[in-house]
Amino acid sequence: MKKVATRFAPSPTGPLHIGGVRTALFNWLYSKNKNGSFYLRIEDTDKERSKDEYKNQIINSLKWIGVENDGDEYIQSKKIDDHINIANELLKNGHAYKCYCSSEEIEEQKKRAKQKKIPYIYDRKWRDKSESEAPKDLKPTIRFKSKIEGTTILKDLVQGDVEIENNTIEDFIILRNDGTPTYNLSASVDDHQMNITHIIRGDDHKINTFKQMQIYLAMKWELPSFAHIPLIHTTEGKKLSKRDKASTLNDYSKIGIMPEALRNYLLRLGWSYKDKEIFTIDESIKYFNLEGIGKSPSKLDMSRILSMNEHYIKNMSENELYIQFESYCDKYKNKIPNEKSDKIKKSLNFLKNKAKTLEDIYNNSTYIIEDVVSFNNDDLKLIDDNAKKIISEFSSNIDKLDKFERYELEPILENLIKSNNTNFKGVGQPLRIILTGSKFGPGIYDIIISLGKEEVKKRLSAKIT
RNA sequence: GGUCCCUUCGUCUAUCGGUUAGGACACAUGGUUUUCAUCCAUGAAAGAGGGGUUCGAUUCCCCUAGGGACCGCCA
């Protein structure tokens, strides 16, 4: 048995979106499940559109979600000479030929086909023409001599047998008239040279697979296995593209989605293992298989991502959560001041109960992070004279406390409720507003204790007068 | 238009011929609760339609309908 090798081969012509991330994840999981290797190949042969910026974004995205490639990134543009050599070999073997059609001529044919509403396919004009008829002033493209007779069956590991008439595959270009290789050639040569055994990619590549299979056959190379996974659709039911909002990983991380949550979500999007929903990395490696991949495209569901994130927030250790929260604030909000980090750490146990995202934690903890409380007028109106009296009583009552724990605070509040002939809200709400500037937030005891006696006194006295 | 793929609750899915069609998210209701939440309980919610095959079809086959992908000297 050959050692399993998979690859993810994006082109750095745009930011990697969540669909690509899932494809990478599936390839990575499959190879790890089989104790094999996973490679990252940057397909940067389109010099016009490829950008280093995108290459880095791709590498960072995969790193962020925990998909790690074996070995260095494979840079396709460095292998162009190999691709050209194979094209020449194909030419020599009679599996390819020179086509002297100008691009204008081809465009014209396509236009006409469209007008007549018939499918365009290159008419194989130069397939059997002799070289002597070639125009002198035109550089030819090299086309692959595709099969015309019969059918080809692709034994797809996800979709089953897919049969296609060979004559629907045109004589595709493998070398442009400037001598550079095109995608189908480069990809086949690279996959072969990298000893890729399983090609797992989006459904949108299926036609390419039939073309690439023919190159393999012509070169007498051993065919890899193919698995075409259904695409991820937007809520509108269309193929997800780079232009869609909320499509890159950064769109998610900036609102406080954590990598393990998104990884788990993506794993379960289009793949399942019985009724299991939550998978650690190790579990996903252990259980991942191609049989569990569904055949129909699936839609992105934000509320599901959120609830997955919520699950991870509540179930990860507070230490780990703090590390993620800290770097989240650092990157997208304000850096947590050193002197506040202990308070935040201690408060995580109640902060996390109200949070679906790291951003929620941030919003609920600003009263700790920021020293000056800001108020809005509507809330301030609730602080009437009666409320001020209660607050002032509370303030003097806590002076004698030395532990400043819940069991000490509870009786004080209860007494205030009784002596002022009110309910919990009558005491709790004004306190909350003055302490945090908001009617909403963590439990009142949590707020008081997390702030500490000194800070509570300070904030109360600033507002009573 | 041609080729290919898909079709179970709103969404992600389980079921590999016999189930009261299960779970999760979302939703609704009730309970716990100092706000908002959490948590707990309960509920509503699905096999696109039509033909076969079979003792029996969500499951196998065919047709129809609907949806999607591809149709570059991009990758």
Side-chain angles (χ1 to χ4, degrees), chain A residues 9-14 43-46 48-50 76 99 101-103 106-107 110 113-114 116-121 139-143 154 156 158-160 162-165 167-170 172-184 186-187 202-208 210 228 230-231 233 235 237-239 265 268-278 291-292 294-308 310-311 314 350 352-356 360 364 413 417 423-429 431-433 438-447:
Chain A
S11 67
T13 54
E43 304 210 327
D44 59 342
T45 51
D46 184 339
E48 297 282 301
R49 297 194 299 147
S50 293
Q76 188 167 61
C99 166
C101 292
S102 66
S103 43
I106 300 287
E107 282 312 311
K110 280 184 190 170
K114 210 169 183 180
K116 286 194 201 157
K117 289 204 165 185
I118 54 170
Y120 167 75
I121 182 162
K139 280 192 169 170
T141 59
I142 309 296
R143 286 184 184 267
L154 161 66
D156 194 283
V158 167
Q159 304 198 345
V162 181
E163 189 173 10
I164 198 172
E165 300 267 347
N167 62 23
T168 59
I169 306 291
E170 71 168 351
F172 54 97
I173 291 171
I174 54 178
L175 237 45
R176 301 183 185 95
N177 64 188
D178 66 358
T180 57
T182 62
Y183 167 73
N184 280 301
S186 296
D203 202 13
D204 49 345
H205 276 287
K206 213 157 46 192
I207 292 294
N208 292 326
F210 284 100
H228 291 94
L231 302 175
H233 281 178
T235 16
K238 301 282 182 215
K239 174 184 173 181
Y265 172 77
R268 280 288 286 97
L269 190 66
W271 178 82
S272 62
Y273 179 78
K274 299 179 182 169
D275 277 343
K276 195 169 166 58
E277 299 285 351
I278 304 298
E291 295 76 50
K295 290 185 169 191
S296 49
S298 32
K299 289 180 186 151
L300 232 34
D301 179 4
M302 194 57 200
S303 67
R304 190 95 190 236
I305 296 175
L306 251 16
S307 97
M308 191 63 83
E310 185 180 14
H311 177 272
K314 295 210 169 101
F350 62 86
K352 72 179 179 185
N353 280 331
K354 343 179 22 73
K356 281 182 154 60
D360 290 343
N364 277 318
L413 254 71
I417 291 166
N423 55 19
F424 201 99
K425 197 178 171 187
V427 176
Q429 192 170 60
L431 271 176
R432 172 194 301 282
I433 289 172
S438 169
K439 275 189 287 189
F440 311 113
I444 190 68
Y445 293 113
D446 288 330
I447 292 172

Practice item. List the steps and the verdict of side chain to side chain donor-acceptor pair (under 3.5 Å) for A:Asp203 and A:His228. Key: CA-CA 5 Å; A:Asp203 202 13; A:His228 291 94; 5.9 Å; no
Sugar-phosphate, base or nothing in reach of [X], heavy atoms under 4.0 Å:
X: A:Glu163; result: sugar-phosphate
X: A:Lys314; result: sugar-phosphate
X: A:Cys99; result: nothing
X: A:Asn208; result: base
X: A:Pro442; result: base
X: A:Gly270; result: sugar-phosphate
X: A:Lys299; result: sugar-phosphate

Can you measure [X] atom [atom1] to [N] atom [atom2] for me and round it to whole angstrom units?
X: A:Ile169; N: B:G72; atom1: CD1; atom2: P; value: 12 Å
X: A:Asn423; N: B:U34; atom1: CG; atom2: P; value: 10 Å
X: A:Phe172; N: B:C71; atom1: CZ; atom2: P; value: 14 Å
X: A:Gln76; N: B:C74; atom1: CD; atom2: C1'; value: 12 Å
X: A:Leu154; N: B:U3; atom1: CG; atom2: C1'; value: 14 Å
X: A:Lys352; N: B:C39; atom1: NZ; atom2: C1'; value: 14 Å
X: A:Lys110; N: B:G1; atom1: NZ; atom2: P; value: 21 Å
X: A:Lys295; N: B:A14; atom1: NZ; atom2: C1'; value: 17 Å

Collect all protein-nucleotide pairs involving nucleotides 47-49 of chain B in which both atoms are nitrogen or oxygen and the distance is under 3.5 Å.
none

Exercise for review: Using Watson-Crick or G-U wobble geometry with both distances below 3.5 Å, tell me the partner of B:A44, or none.
Suggested key: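 Here B:A44 is not engaged in any pair, so there is no nucleotide opposite it.
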Exercise for review: Return the nucleotide paired to B:C25: Watson-Crick means purine N1 to pyrimidine N3 with N6-O4 or O6-N4, wobble means G-U with N1-O2 and O6-N3, both under 3.5 Å.
Suggested key: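 Check on B:C25: paired to B:G10, both distances under 3.5 Å.
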Could you check if a side-chain atom of [X] sits within less than 4.5 angstrom of a side-chain atom of [Y], using non-hydrogen atoms only?
X: A:Ile444; Y: A:Phe424; result: yes
X: A:Ile164; Y: A:Ile169; result: yes
X: A:Glu277; Y: A:Arg304; result: yes
X: A:Asn364; Y: A:Phe440; result: no
X: A:Thr182; Y: A:Arg176; result: yes
X: A:Pro140; Y: A:Cys99; result: no

Using the side-chain heavy atoms of [X], tell me which of these nucleotides is nearest: [options].
X: A:Ser298; options: B:C6, B:C12, B:A75; value: B:C12
X: A:Leu269; options: B:C73, B:C5, B:C12; value: B:C12
X: A:Asp46; options: B:C74, B:C73, B:U34; value: B:C74

Rounded distance in Å between the [atom1] positions of [N] and [M]:
N: B:A37; M: B:G30; atom1: P; answer: 14 Å
N: B:U13; M: B:U7; atom1: P; answer: 11 Å
N: B:C4; M: B:G43; atom1: P; answer: 47 Å
N: B:G31; M: B:U38; atom1: C1'; answer: 14 Å
N: B:C6; M: B:U58; atom1: C1'; answer: 16 Å

Practice item. Check salt bridge (Lys or Arg N to Asp or Glu O under 4.0 Å) between A:Asp46 and all other residues, then give those that pass, not counting sequence neighbours. Key: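 Applying salt bridge (Lys or Arg N to Asp or Glu O under 4.0 Å) to A:Asp46 gives A:Arg49.
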Review point. Who pairs with A:Lys139 by salt bridge (Lys or Arg N to Asp or Glu O under 4.0 Å), at least two apart in sequence or on another chain?
Key: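 With neighbours one apart ignored, the set is empty.
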Under 4.0 Å between a side-chain N/O of [X] and OP1 or OP2 of [N], yes or no?
X: A:Arg143; N: B:G72; value: no
X: A:Thr45; N: B:A75; value: yes
X: A:Ser272; N: B:A14; value: yes

Point to revise | Toward the 5' end of RNA chain B, by each residue's nearest nucleotide, A:Arg49 or A:Tyr445 | key: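 Its nearest nucleotide lies further toward 5', so the answer is A:Tyr445.
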**Study point:** First encountered from the 5' end of RNA chain B, between A:Gly292 and A:Glu165
**Key:**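 Comparing both residues, the 5'-ward one is A:Glu165.
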Rounded distance [0.5 Å steps], [atom1] in [X] versus [atom2] in [Y]:
X: A:Tyr273; Y: A:Glu291; atom1: OH; atom2: CD; answer: 11.5 Å
X: A:Gln76; Y: A:Ser50; atom1: CD; atom2: OG; answer: 9.5 Å
X: A:Leu306; Y: A:Asp360; atom1: CG; atom2: CG; answer: 7.5 Å

Check your understanding: Does CD in A:Glu163 sit with more than 12 non-hydrogen atoms of other residues, nucleotides or ligands closer than 6.0 Å?
Key ->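 Counting neighbours around CD of A:Glu163, more than 12 heavy atoms of other residues, nucleotides or ligands fall under 6.0 Å, so yes.
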Practice item. With sequence neighbours excluded, tell me which residues meet side-chain hydrogen bond (donor to acceptor under 3.5 Å, both in side chains) with A:Glu170. Key: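 In terms of side-chain hydrogen bond (donor to acceptor under 3.5 Å, both in side chains), with neighbours along the sequence ignored, A:Glu170 is linked to no residue.
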Revision key, fill the gap. Scoring nucleotides 19-31 of chain B by protein non-hydrogen atoms under 4.0 Å (B base, S sugar-phosphate only, - none) yields ---BBBSS-----
Between N or O atoms, less than 3.5 Å apart, protein on one side and nucleotides 61-69 of chain B on the other: list the pairs.
{"from": "B:G68", "atom 1": "OP1", "to": "A:Lys238", "atom 2": "NZ", "distance (Å)": "2.2"}
{"from": "B:G68", "atom 1": "O2'", "to": "A:His233", "atom 2": "NE2", "distance (Å)": "3.2"}
{"from": "B:A69", "atom 1": "OP1", "to": "A:Lys239", "atom 2": "N", "distance (Å)": "3.1"}

